[in-house]
Amino acid sequence: MRAEDRLGYHVKRVEQELMAVKHVAIKPSGLTVPQYTALAILSQHPGASTSALARFALVTPQTMATIMANLDAKGLIVKVPDPYHLNSQQIELTAAGRKVLGTADDAAVKVERAIGEAFTAQERDTLVDLLARFSSTLEEQAAKLTGTGPALTPFRTNPS
């Protein structure tokens, strides 16, 4: 089967193109796309742990730990002891982190809006529905391949 005939190829190509454009857009903020993503998620879930942020960002805890170390070194986050879990830390944005995130987010939103404006409202709704069907089909295939329950659960969980 040719690459052009594979839906997965097109999904991956568009995802890579989106990340490349976002990289260029947010570069003036001094952030990478993974760092921007981590800060954006942290702004929506203040106090989240590194492992929770990893689940939200769909990366491994080790990858998120590296991202957090880099953000900490830049003074964009601060880690504070979790009062309820002795071996855990809560992560918060610093004032500098909020400022940098604001700059990066303005640029990323412009990219997202430009994409959205390329479609009518009905086309956007259809695209979201088609991607949901794509995802459901992957879930079914993953369950068949593993012989277990929801194999893609880590991608669908809402860690708190």
Side-chain angles (χ1 to χ4, degrees), residues 8-119 121 123-125 127-132 134-136 138-139 142 149-160:
Y9 166 80
H10 293 286
V11 170
K12 182 66 174 175
R13 178 184 50 80
V14 170
E15 187 265 342
Q16 291 293 315
E17 291 168 353
L18 175 61
M19 292 304 103
V21 172
K22 279 190 176 180
H23 170 75
V24 172
I26 69 170
K27 189 174 183 175
S29 72
L31 296 176
T32 64
V33 172
Q35 290 170 346
Y36 160 70
T37 300
L39 290 179
I41 293 168
L42 189 56
S43 74
Q44 295 174 5
H45 303 280
S49 66
T50 299
S51 59
L53 292 171
R55 287 189 299 274
F56 277 120
L58 307 178
V59 298
T60 66
Q62 296 83 358
T63 296
M64 187 55 71
T66 300
I67 293 168
M68 289 293 107
N70 291 331
L71 292 172
D72 191 25
K74 291 181 177 189
L76 303 179
I77 61 163
V78 63
K79 296 177 182 179
V80 295
D82 186 323
Y84 303 105
H85 301 94
L86 296 176
N87 296 329
S88 187
Q89 294 181 321
Q90 295 180 338
I91 304 168
E92 304 282 343
L93 290 172
T94 62
R98 284 188 292 279
K99 183 177 180 181
V100 168
L101 173 60
T103 300
D105 197 49
D106 288 345
V109 165
K110 286 179 185 174
V111 171
E112 293 283 348
R113 283 197 177 126
I115 294 166
E117 290 168 0
F119 300 94
E123 288 171 332
R124 282 190 302 275
D125 290 345
L127 179 58
V128 170
D129 290 344
L130 291 170
L131 290 171
F134 192 107
S135 182
S136 293
L138 287 174
E139 176 66 34
L152 301 178
T153 299
F155 297 103
R156 299 198 178 170
T157 351
N158 187 3
S160 319

Could you tell me whether a side-chain N or O of [X] sits under 3.5 Å from a main-chain N or O of [Y], the two making a donor and an acceptor?
X      : Y      : result
Gln44  : Ile41  : no
Ser135 : Leu131 : no
Thr50  : Met64  : no

What are the two closest non-hydrogen atoms of [X] and [Y], and how far apart are they?
X      : Y      : value
Ser43  : Leu101 : CB-CD2, 3.5 Å
Ala104 : Ser29  : CB-OG, 3.6 Å
Thr37  : Ala57  : CG2-CB, 4.3 Å
Leu42  : Ala48  : CD1-N, 4.3 Å
Leu39  : Gly97  : CD1-O, 4.3 Å
Met68  : Ala38  : CE-CB, 3.6 Å

Whether the Thr60 and Thr63 side chains hold a donor-acceptor pair (N or O, under 3.5 Å, no angle test) is what I'd like checked.
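Checked: Thr60/Thr63 side chains pair up, N/O donor to acceptor below 3.5 Å.
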Value rounded to 0.5 Å, distance of [atom1] in [X] from [atom2] in [Y]:
X      : Y     : atom1 : atom2 : value
Ser49  : Asp82 : OG    : CG    : 8.5 Å
Ser51  : Gln62 : OG    : CD    : 10.5 Å
Gln35  : Ile67 : CD    : CD1   : 7.0 Å
Thr103 : Leu31 : OG1   : CG    : 9.0 Å
Arg98  : Glu92 : CZ    : CD    : 8.5 Å
Asn70  : Ile77 : CG    : CD1   : 9.5 Å

Determine whether Thr94 and Lys99 make a side-chain contact, defined as any pair of heavy atoms from C-beta on separated by less than 4.5 Å.
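No; the side chains remain at least 4.5 Å from each other.
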Any heavy-atom pair between the side chains of Leu138 and Phe134 that's under 4.5 Å?
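In contact.
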Less than 4.0 angstrom from a charged side-chain N to a carboxylate O is my criterion; do Glu17 and Arg13 meet it?
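So Glu17 pairs with Arg13 through a salt bridge.
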Near Lys79 NZ, under 6.0 Å, is it more than 12 heavy atoms from other residues, nucleotides or ligands?
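Correct, the count exceeds 12.
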Between Leu18 and Ile115, does a side chain to side chain contact (heavy atoms under 4.5 Å, CB included) hold up when you go through it step by step?
CA-CA 9 Å; Leu18 175 61; Ile115 294 166; 3.6 Å; yes
